[in-house]
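Right, one structure below, let's go through it.
Heavy-atom basis, side chains included; hydrogens, waters and symmetry copies ignored. One-based numbering, in listed order, for ligands and for the atoms of each. Bear in mind that the values here come from a model prediction, so they are computed numbers and not experimental data.
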Amino acid sequence: MSGSVFIDGVWRAGAGPEAVSVDPTTGEIIWRQAVADGADVVDAVAAARRAFPAWADRPRDERIAILRRYKEVLTARTADYAQALSRETGKALWETKAELGSMAGKVDASIKAYEERTGEHENAMVFGRAVLRHRPHGVMAVLGPFNFPGHLPNGHIVPALLAGDTVVFKPSEETPLAGQLLVEALEAAGVPAGVVNLVQGGRAVGQALIDQEIDGLLFTGSAAAGAFFRRHFADRPDVILALELGGNNPLVVWDAGDAEAVAALVVQSAFITTGQRCSCARRLIVSDDAAGRAVIDAVAALAERLVIGPWNGGEEPFMGPLISDRAAAMALAGANAMGGRTVRAMAPVDGLSKAFVSPGLVEVTGLEIPDEELFAPLLQVRRVASFDEAIAAANATRYGLSAGLISNETAHWEHFLRRIRAGVVNWNRPTTGAAGTMPFGGLGTSGNHRPSAYYAADYCAYPVASFEAASVSDTLGDIKGLRA
Ligand code: NAD
Ligand code: SIN
């Protein structure tokens with residue numbers, strides 16, 4: 001391939017300004033291209049529009065066959081792609097290999113979801129049959145985030161293609177290489193020209209894309225951008241909006257026993273992917289007693305043992321850097337502004353690039369903390385007097401993505417499940433537990449009730465109900481109140 005845009009099956013240089021992708025581990029530039037301008041975006045949407053009727057009309061088995069080839073390509077390229085993703089994001093290789101696995105796994109999960117949740121279903125009727133079919137919307141714009149730059153856009157693109165939609169994809173400006181590799185794999189799988197188009201660039205390119213005549217915006221990213229898109233499309237109810245946004249996720253520990261076992265779940269909830277998962281726990285809520293204090297101490301002690309380092313160094317890391325030096329500087333400033341009592345500082349790491357920070361723990365009991373997502377490995381801890389207070393504290397957010405309870409008491413779990421407001425609610429599992437075979441999405445500021453993952457099938461096609469008789473029969477007798 002050559003170029004940053006892929007339109008109508010052709011790679012070419014974008015007509016916009018030059019942009020780079022920087023390896024956060026080393027500061028090295030690993031991708032440099034002229035990105036798209038507004039005219040490229042117009043071309044990309046036009047190509048997707050032209051390709052739509054033939055792609056939608058193609059027998060579903062043929063679309064499935066192409067996506068199965070895509071899965072094979074991803075599987076064959078996993079080692080190379082995982083290294084590229086680690087280089088571009090700094091994530092550990094075990095994580096990027098898992099990301100590639102999720103991308104390949106998405107194909108079969110989406111085929112099953114399409115059949116189960118959409119597809120075609122019929123019932124016999126006295127006159128013939130009632131048939132429920134699903135039709136694709138048209139041209140879908142996909143805007144991807146940087147934290148899972150393959151898995152998350154893939155989670156929109158695969159079900160959209162399966163349903164018969166065509167796609168214009170703009171990856172995050174932080175991870176253009178990952179976006180390019182995804183599209184190269186689709187190209188290698190034989191996706192026809194115009195069915196998937198790529199435009200690289202930042203927000204201006206995203207803005208140019210949403211200003212076109214698109215039929216849907218499938219977005220994974222920040223709540224602020226999600227709110228902007230809601231306003232932008234307020235007068236366009238015909239445009240499908242699937243908004244997968246951030247969270248300020250609570251994790252409650254109550255009557256949970258062994259503090260070390262609890263700490264292992266907390267650390268995996270809060271610090272995995274250097275805190276750069278939308279589903280990471282940001283707020284730990286514990287009992288205001290010796291058991292609660294033991295959990296705080298155990299989390300701080302376990303955080304101390306986590307290997308923080310480069311993905312390709314001698315020792316396998318638990319976590320790498322944040323996405324950039326800038327993200328680290330912003331996270332450190334955000335932590336400073338938060339206040340509270342530092343239990344363990346989130347701080348730069350000696351001997352590593354400025355993008356690396358250590359996991360932090362800050363006690364905020366009795367303090368009002370702004371209800372914001374800090375996309376970094378910083379966990380707030382709050383001590384409360386009762387389980388009901390813990391649930392109230394957990395729900396004290398405008399977000400509602402993931403939430404967790406760590407407890408050995410089934411009655412606590414049943415009560416928690418009834419009261420907590422979130423789209424992913426886990427028990428004695430990390431808040432980051434998610435699967436392609438389940439829906440994934442949030443309430444409140446975390447989304448718009450169009451969850452992704454298994455339920456992505458729902459927003460990629462619309463239902464059509466038909467009542468059908470194969471020939472004209474005399475229904476005169478059905479008309480009531482008819483004169484002889
Ligand atoms: P972001 O919102 O900054 O950017 C995401 C994409 O949208 C990028 O491609 C960006 O260029 C584009 N974009 C952003 N604002 C835009 C605008 N005004 N107009 C046009 N395009 C715009 O998000 P990010 O920093 O890349 O990702 C991190 C965020 O994503 C976090 O808030 C995280 O919680 C969230 N996230 C959510 C989920 C989920 O499934 N709910 C999953 C992963 C990440
Ligand atoms: C995330 O937590 O950022 C994404 C979770 C997933 O889809 O696995």
Compare all side-chain heavy atoms of [X] with those of [Y] and state whether any distance is below 4.5 angstrom.
{"X": "E244", "Y": "F219", "value": "no"}
{"X": "L143", "Y": "F229", "value": "yes"}
{"X": "R77", "Y": "E184", "value": "yes"}
{"X": "P359", "Y": "R344", "value": "yes"}
{"X": "L361", "Y": "V381", "value": "yes"}
{"X": "V424", "Y": "F440", "value": "yes"}
{"X": "E88", "Y": "P176", "value": "yes"}

Can a protein heavy atom be found under 4.0 Å away from atom 26 (O) of ligand 1?
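There is a protein heavy atom less than 4.0 Å from atom 26 (O) of ligand 1.
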Quick one: does any side-chain atom of N426 pair with a main-chain N or O of A403 as donor and acceptor, under 3.5 Å?
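Answer holds: no.
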For G150, is there any backbone N or O sitting under 3.5 Å from a side-chain donor or acceptor partner on E99?
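It does hold such a pair.
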Among protein heavy atoms, which sits nearest to [atom], and what does the distance come to when rounded to 0.1 Å?
{"atom": "atom 40 (O) of ligand 1", "result": "F440 CE2, 3.3 Å"}
{"atom": "atom 6 (C) of ligand 2", "result": "H151 NE2, 3.5 Å"}
{"atom": "atom 10 (C) of ligand 1", "result": "E173 OE1, 3.4 Å"}
{"atom": "atom 2 (O) of ligand 2", "result": "S279 OG, 2.6 Å"}
{"atom": "atom 23 (O) of ligand 1", "result": "S222 N, 3.5 Å"}
{"atom": "atom 32 (O) of ligand 1", "result": "E373 OE1, 2.5 Å"}
{"atom": "atom 3 (O) of ligand 1", "result": "R203 NH2, 3.6 Å"}
{"atom": "atom 18 (N) of ligand 1", "result": "F228 CD2, 3.5 Å"}
{"atom": "atom 7 (O) of ligand 1", "result": "F219 CE1, 3.1 Å"}
{"atom": "atom 8 (C) of ligand 1", "result": "G144 O, 3.2 Å"}

Below 3.5 angstrom, do we get any N/O pair linking C278 and ligand 2?
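Yes, C278 has an N/O under 3.5 Å of an N/O on ligand 2.
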Say whether R277, considering both its backbone and side-chain N or O atoms, lies within less than 3.5 Å of an N or O atom on ligand 2.
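No: no nitrogen or oxygen of R277 is under 3.5 Å from one in ligand 2.
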Find all atoms of ligand 1 within a distance of less than 4.0 Å from any non-hydrogen atom belonging to [X], and give their numbers and elements.
{"X": "L152", "answer": "42 (C), 43 (C)"}
{"X": "G206", "answer": "20 (C), 21 (N)"}
{"X": "A225", "answer": "2 (O), 14 (C), 15 (N)"}
{"X": "Q207", "answer": "20 (C)"}
{"X": "P171", "answer": "9 (O)"}
{"X": "E244", "answer": "37 (C), 38 (C), 39 (C), 40 (O), 41 (N)"}
{"X": "L245", "answer": "37 (C), 38 (C), 39 (C), 41 (N)"}
{"X": "T220", "answer": "5 (C), 37 (C), 38 (C), 39 (C), 40 (O), 42 (C), 43 (C)"}

Numbered atoms of ligand 2 (with element) below 4.0 Å of [X], judged on heavy atoms:
{"X": "N147", "value": "3 (O)"}
{"X": "F440", "value": "5 (C)"}
{"X": "F148", "value": "1 (C), 3 (O), 4 (C)"}

Is it true that [X] lies under 4.0 Å from ligand 2, counting heavy atoms only?
{"X": "Q276", "result": "no"}
{"X": "T432", "result": "no"}
{"X": "L152", "result": "yes"}

Check the pair L379 / R283 against side-chain contact (heavy atoms from CB on, under 4.5 Å), numbers first and verdict last.
CA-CA 6 Å; L379 183 63; R283 299 178 294 129; 5.6 Å; no
Ligand 1 and R277, any nitrogen or oxygen pair closer than 3.5 angstrom?
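Between R277 and ligand 1, no N or O pair is found under 3.5 Å apart.
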Considering both backbone and side-chain atoms of N147, is one of its nitrogen or oxygen atoms within less than 3.5 Å of a nitrogen or oxygen in ligand 1?
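N/O-N/O distance under 3.5 Å: no.
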Among S279, P145, G221, closest by any non-hydrogen atom to atom 30 (O) of ligand 1:
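Nearest heavy atom to atom 30 (O) of ligand 1 lies in G221.
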Pick from C278, G423, S172: the one approaching atom 39 (C) of ligand 1 most closely through a non-hydrogen atom
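Going through C278, G423, S172 one by one, C278 has the nearest heavy atom to atom 39 (C) of ligand 1.
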Under a 3.5 Å cutoff, is there a donor and acceptor pairing between the side chains of [X] and [Y]?
{"X": "E174", "Y": "S324", "value": "no"}
{"X": "T96", "Y": "S86", "value": "yes"}
{"X": "N249", "Y": "T431", "value": "no"}
{"X": "D215", "Y": "Y462", "value": "no"}
{"X": "E187", "Y": "W11", "value": "yes"}
{"X": "W311", "Y": "Q83", "value": "no"}

Out of H134, H156, H137, which one pairs with Y459 under the ring-ring contact (aromatic ring centres under 6.0 Å, His included) rule?
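Filter result, single survivor: H156.
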For A281 and L251, work out which heavy atoms get closest and say how close.
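Smallest heavy-atom distance, with atoms named: CB-CB, 4.0 Å.
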With heavy atoms only and a cut-off of under 4.0 Å, state how F229 meets ligand 1: side chain, backbone, both or neither.
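The part of F229 near ligand 1 is the side chain, not the backbone.
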